[in-house]
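This report concerns only the one structure given below.
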Amino acid sequence: QVQLVEYGGGLVQAGGSLRLSCAASGFTFSTYYMSWFRQAPGKERECVAAISRSGSSAYYADSAKGRFTISRDNAKNTVYLQMNSLKPEDTAVYYCATGPGGLLVTTASQAYYWGQGTQVTVSS
């Protein structure tokens, strides 16, 4: 079955960096768009980045542009989220996700498969 496992979260000071990874299994990874979402306490789950099947194109939320970079390694069935210049408002649980049929997913309602999430906490 489809399995998404995120890791790499943690506590970091404002201005610091973290690299999240999501290991995928149970489906043909290279044929699926992949997305990163986050959810802060009391807020809706939002998509921060998504990447095409080949990795040649990416989508970023305005909050992530210029600071976050999504990438993937299809040989390793892994998608990454490099987060730089982190701010306290980036504090959230971060999830990787994909949708049925491997289509682009940029809203939570579109996603079908989710990882368990990894906590990112940015201190001021």
Side-chain angles (χ1 to χ4, degrees):
Q1 71 277 21
V2 173
Q3 190 170 14
L4 301 172
V5 180
E6 305 96 336
Y7 51 98
L11 174 64
V12 64
Q13 288 189 333
S17 298
L18 280 175
R19 188 196 197 202
L20 306 183
S21 301
C22 171
S25 60
F27 62 104
T28 307
F29 181 75
S30 62
T31 66
Y32 278 66
Y33 278 80
M34 297 297 299
S35 302
W36 281 99
F37 285 75
R38 68 184 182 187
Q39 188 166 23
K43 294 191 176 182
E44 293 187 355
R45 194 170 295 191
E46 63 168 346
C47 181
V48 295
I51 190 166
S52 63
R53 299 175 179 96
S54 67
S56 61
S57 61
Y59 156 89
Y60 294 98
D62 288 343
S63 59
K65 286 178 182 176
R67 300 188 301 125
F68 294 3
T69 302
I70 188 171
S71 61
R72 66 191 297 162
D73 185 335
N74 286 342
K76 295 183 178 179
N77 287 359
T78 301
V79 60
Y80 306 97
L81 185 68
Q82 177 68 43
M83 304 185 294
N84 299 329
S85 302
L86 283 162
K87 305 174 182 179
E89 51 263 45
D90 294 318
T91 295
V93 178
Y94 283 72
Y95 302 88
C96 68
T98 190
L103 300 178
L104 175 64
V105 167
T106 57
T107 66
S109 61
Q110 294 172 322
Y112 188 79
Y113 302 109
W114 295 92
Q116 82 289 350
T118 186
Q119 176 70 47
V120 171
T121 302
V122 184
S123 63
S124 57

Is a side-chain N or O of [X] found less than 3.5 angstrom from the main chain of [Y], in a donor-acceptor match?
{"X": "Arg72", "Y": "Gly55", "answer": "no"}
{"X": "Ser56", "Y": "Ser54", "answer": "no"}
{"X": "Glu6", "Y": "Cys96", "answer": "yes"}
{"X": "Arg19", "Y": "Gln82", "answer": "no"}
{"X": "Thr118", "Y": "Tyr7", "answer": "no"}
{"X": "Ser52", "Y": "Ser57", "answer": "yes"}

Can you check whether [X] reaches [Y] side chain to side chain, under 4.5 Å on heavy atoms?
{"X": "Asn77", "Y": "Phe27", "answer": "no"}
{"X": "Tyr112", "Y": "Val105", "answer": "no"}
{"X": "Glu46", "Y": "Arg38", "answer": "yes"}
{"X": "Gln119", "Y": "Thr91", "answer": "yes"}
{"X": "Leu4", "Y": "Tyr95", "answer": "no"}
{"X": "Val120", "Y": "Leu20", "answer": "yes"}

For [X] against [Y], the heavy-atom pair lying closest together:
{"X": "Val79", "Y": "Ser71", "answer": "CG2-O, 3.2 Å"}
{"X": "Thr31", "Y": "Arg53", "answer": "O-NE, 2.8 Å"}
{"X": "Ala14", "Y": "Ser124", "answer": "CB-CA, 4.3 Å"}
{"X": "Gly102", "Y": "Tyr32", "answer": "CA-CD2, 3.1 Å"}
{"X": "Phe29", "Y": "Ala24", "answer": "CD1-CB, 3.5 Å"}
{"X": "Ser17", "Y": "Ser85", "answer": "OG-N, 4.4 Å"}

* Structure fact -> In Thr106, Ile70, Val48, Ile51, the residue satisfying side-chain contact (heavy atoms from CB on, under 4.5 Å) with Tyr59 is Thr106

* **Trp114 and its ring pair (Phe, Tyr, Trp, His ring centres under 6.0 Å) partner, picked from Phe37, Tyr94, Trp36** => Phe37

* Asked: Is Leu11 reachable from Leu18 through a run of I, L, V, M, F, W or Y residues, each pair having side-chain heavy atoms under 4.5 Å apart?
  -> no

* Asked: Measuring from Gln1:CD to Tyr113:OH, what's the distance to the nearest 0.5 Å?
  -> 10.5 Å

* **Carboxylate-amine/guanidinium proximity below 4.0 Å for Asp90 and Lys87** => no

